[in-house]
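Please read the structure below before turning to the comments.
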Amino acid sequence: DTEVTQTPKHLVMGMTNKKSLKCEQHMGHRAMYWYKQKAKKPPELMFVYSYEKLSINESVPSRFSPECPNSSLLNLHLHALQPEDSALYLCASSQDRHDSYNEQFFGPGTRLTVL
Amino acid sequence: GIQVEQSPPDLILQEGANSTLRCNFSDSVNNLQWFHQNPWGQLINLFYIPSGTKQNGRLSATTVATERYSLLYISSSQTTDSGVYFCAVGKYNNNDMRFGAGTRLTVKP
């Protein structure tokens, strides 16, 4: 099973709303990732969790707050977003091996629109 | 950080044609993946290929790590091959994977 699931598929929110994106994997992977992808651009790394600890934060604004409750789950809490935050948000996971094979697998994404 | 360049940026083919997509990277890497992003945004894993050659059906890939490039070959293209192809690279000592800008492929019937 190489599946990463994400909910919701689509989300529309106002600038004063609080919402959360969810990601789940059952491959036993110990690294989980959030990426942001704007239209016609490549995915850009936002956060990495390694063994449930935040290991990379690519200078993301504090209105995005990641959380890793356990090794299978990853959340992204959203608050006071701006219209320019509208994008496809992708979750990924990998084995987090630092000596060899470390293939990343992606979920289908959440398409976020901020009004 | 590692710079990743993909070429060509856009490619239009007739169904049945063959194509080669290229990925150049600026530093030695330990991880290299090719993805196909479909129109719904799903990133589909094509190859994990930090070095060597692999084949999967009509697709094959070659990475020459010492010369810092990778090639993706698509033979007998089909309309369902349309989409964006991304190359992404990284190093062993961290999980920071960098994507190229992608090649947008359109296959016409």
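Proteins get letters first, then strands, A, B, ... in listed order; numbering begins at 1 in each.
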So, the part of A/Lys40 with a heavy atom under 4.5 Å from chain B: the answer is both
Turns out that what part of A/Gln104 lies under 4.5 Å from chain B's heavy atoms comes down to both
message = For residues A/Met32 and A/Tyr89: do they belong to one hydrophobic cluster (side chain heavy atoms under 4.5 Å, members Ile, Leu, Val, Met, Phe, Trp, Tyr)?
response = yes
By residue number, those in residues 32-47 of chain B with heavy atoms under 4.5 Å from heavy atoms of chain A are B/Gln33, B/Phe35, B/Gln37, B/Trp40, B/Gly41, B/Gln42, B/Leu43, B/Asn45
Closest heavy-atom pair, A/Pro42 versus B/Gly100, reported as atoms and distance to 0.1 Å, is CB-O, 3.1 Å
Other residues, nucleotides and ligands only: do more than 12 of their heavy atoms fall within 6.0 Å of NZ on A/Lys38?
yes
_Tell me if the CD atom of B/Gln55 is crowded by more than 12 foreign heavy atoms within 6.0 Å._
yes
Are B/Tyr73 and B/Tyr85 connected in the hydrophobic side-chain network, where two residues link if heavy atoms are under 4.5 Å apart? no
Note to self: If hydrophobic clusters are built from ILVMFWY residues whose side chains come within less than 4.5 Å, do B/Leu71 and B/Val89 share one?
What the structure shows: no
Problem - Single-linkage hydrophobic cluster A/Val48~A/Tyr35, side-chain heavy atoms < 4.5 angstrom - result: yes
Q. Is there a path of hydrophobic side-chain contacts, each under 4.5 Å between heavy atoms of I, L, V, M, F, W or Y residues, that connects A/Met46 with A/Leu90?
A. no
Counting heavy-atom pairs under 4.5 angstrom with chain B, the leader among A/Ser55, A/Ala92, A/Pro43, A/Ala31 is A/Pro43
Within residues 60-69 of chain B, contacts to chain A at heavy-atom distances under 4.5 Å involve none
Notebook entry, point to check: Is the number of heavy atoms from other residues, nucleotides or ligands within 6.0 Å of CD (A/Glu24) greater than 12?
Noted result: yes
The reported gap from CG in A/Leu45 to CZ in B/Phe99 (rounded to nearest 0.5 angstrom) is 9.0 Å
